Protein chains: 2
Amino acid sequence: MLSQTGRYALRALDYLATHDDGGYKLVKDISGELNIPRQYLSKILHTLACEGLLHSQRGRSGGFRLSRPAKQITLYEVIDPIDHLSRLCACIMGEKPCGEENPRGDDDPCALHEMWGEVRGKYLDFLQKTTLDKLSSDV
Amino acid sequence: MLSQTGRYALRALDYLATHDDGGYKLVKDISGELNIPRQYLSKILHTLACEGLLHSQRGRSGGFRLSRPAKQITLYEVIDPIDHLSRLCACIMGEKPCGEENPRGDDDPCALHEMWGEVRGKYLDFLQKTTLDKLSSDV
DNA sequence: AAGAAAAAGGATAAGGATATCGTGTTATCG
DNA sequence: CGATAACACGATATCCTTATCCTTTTTCTT
């Protein structure tokens with residue numbers, strides 16, 4: 001449902017959010033702290049930087065930082081470039097996309113369309129409504 | 001969320017359910033009808049036969065059939081041997097399982113534990129409460 | 001300017017999911 | 001019995017995710 005890579009991304013951005021002091025954080029430090037393979041995390045953060053969620057800075061005193069306040073970044077924005085959430089739109093019975101407008105490809109709605117859509121919807125809704133700052137907020 | 005293999009399994013068993021006449025159905029026919037790779041489908045059905053969901057019969061006039069009425073087979077039973085649903089129990093924030101009794105590995109519950117559990121629960125619930133015969137029932 | 005520190009980025013590998021192929025085994029039919 | 005038709009099953013192939021390694025590029029510090 002959520003890929004390993006997506007999990008890494010969430011944890012790293014959570015780190016950036018909770019340690020946000022305006023400066024750049026090193027991949028080395030994040031990966032050490034969170035126990036995520038360093039070079040791999042580097043690629044993940046690079047991807048998110050390309051998406052505009054992060055700023056990266058090369059050279060000494062460089063690193064990564066959030067490009068917006070954590071409160072303005074949704075989990076959806078983090079996960080989508082990694083997990084390609086639109087693929088989730090496939091019908092549970094397969095083959096063709098079975099979206100709201102296009103159940104089973106034409107007007108032959110899969111019997112489980114509604115229930116399945118509800119489950120999927122709950123997940124996507126959750127990702128879209130939850131912002132990064134919520135990840136570490138104490139209950 | 002649901003693997004391609006799991007989708008194939010659901011569709012094939014739906015076929016068996018709707019064409020149930022007490023006899024055995026050929027992999028060749030199912031794969032042809034549903035456009036699923038023949039040898040691959042054969043392995044999937046074999047797996048489900050080992051689980052006891054299907055009976056298989058070798059030789060002439062052999063094939064596969066449901067070992068129980070479709071009404072008594074849940075989607076969970078079909079999907080679990082393929083997708084290993086227990087793995088879904090991992091916490092959204094990663095690393096350690098974050099089950100009901102064991103949030104974040106000890107008594108430090110992940111902030112999203114409840115919401116995530118709700119999404120996951122809805123999916124598993126859906127699989128457990130829905131039986132095979134519902135797949136093709138007309139609305 | 002030189003050296004050091006950091007991300008960028010290409011090449012490659014490991015592993016699992018998704019298949020494909022060929023052969024073995026079993027059952028039926030003539 | 002012998003041919004044929006079906007699943008069983010091990011070996012192999014392909015692709016994607018998940019990494020790892022190494023070199024290049026950029027930037028800061030001295």
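Scope of the values below: all heavy atoms of this structure, side chains included, with no hydrogens, waters or symmetry mates. All figures in this text were calculated on a predicted structure; none of them were measured in a lab. So you know, we letter chains A, B, ... as the sequences are listed, proteins then strands, and number each from 1.
- Between the base of dC22(D) and the side chain of Q39(A) there is a donor-acceptor pair shorter than 3.5 Å.
- Whole-Å rounding puts the R58(B) CZ to dG24(C) C1' distance at 8 Å.
- With dT18(D), dG24(C), dA19(C) as the candidates, the nucleotide lying closest to the side chain of P37(B) is dA19(C).
- Contact annotation: T5(A) reaches the phosphate of dT18(D) (side-chain N/O to OP1 or OP2, under 4.0 Å).
- Contact annotation for L26(B): backbone-only contact, meaning every heavy-atom pair under 4.0 Å involves sugar-phosphate atoms and none involves a base.
- Within the 4.0 Å cut-off from OP1 or OP2 of dG9(C), not a single side-chain nitrogen or oxygen of K43(A) is found.
- At the phosphate of dA7(C), neither OP1 nor OP2 sits under 4.0 Å from any side-chain N or O atom of H46(A).
- Following rounding to the nearest Å, L41(B) (CG) and dC9(D) (P) show an atom-to-atom distance of 16 Å.
- Distance alone, capped at 3.5 Å, places no donor-acceptor pair between the R65(A) side chain and the K25(A) backbone.
- Of the possible donor and acceptor atoms, none in the side chain of S56(A) sits under 3.5 Å from a partner among the backbone N and O of F64(A).
- For the pair R38(B) CZ and dA6(D) C1', the interatomic distance rounds to 9 Å; values are reported in whole Å.
- Judged by distance alone, with hydrogens and angles left aside, the side-chain atoms of D125(A) form no donor-acceptor pair with the main-chain N or O of L127(A) at under 3.5 Å.
- Along DNA chain D, the nucleotide nearest Q57(B) and the nucleotide nearest Y40(A) are compared for position; the residue whose nucleotide lies closer to the 5' end is Q57(B).
- Side-chain atoms of H19(B) come within 3.5 Å of backbone atoms of Y15(B) as a donor-acceptor pair (strictly under, hydrogens ignored).
- Nucleotide dC28(D) holds its P atom 11 Å from the CZ atom of R60(A), rounded to whole Å.
- Atom pair R65(B):CZ and dA6(D):P shows a separation of 17 Å (rounding to whole Å applied).
- For the pair Q4(B) CD and dT20(C) P, the interatomic distance rounds to 12 Å; values are reported in whole Å.
- What separates CD1 of I82(B) from P of dA19(C) is a distance of 13 Å, to the nearest Å.
- Residue I44(A) contributes atom CD1, which lies 15 Å from atom C1' of dA8(C) at whole-angstrom precision.
- Backbone-only contact: F64(A) has heavy atoms under 4.0 Å from sugar-phosphate atoms and none from a base.
- Within 4.0 Å of S61(A), counting heavy atoms only, lie sugar-phosphate atoms of the nucleic acid but no base atom.
- Y40(A) and T5(A) share a side-chain donor-acceptor pair at under 3.5 Å.
- Here Y8(B) does not reach the OP1 or OP2 of dT18(C): none of its side-chain N or O atoms lies under 4.0 Å away.
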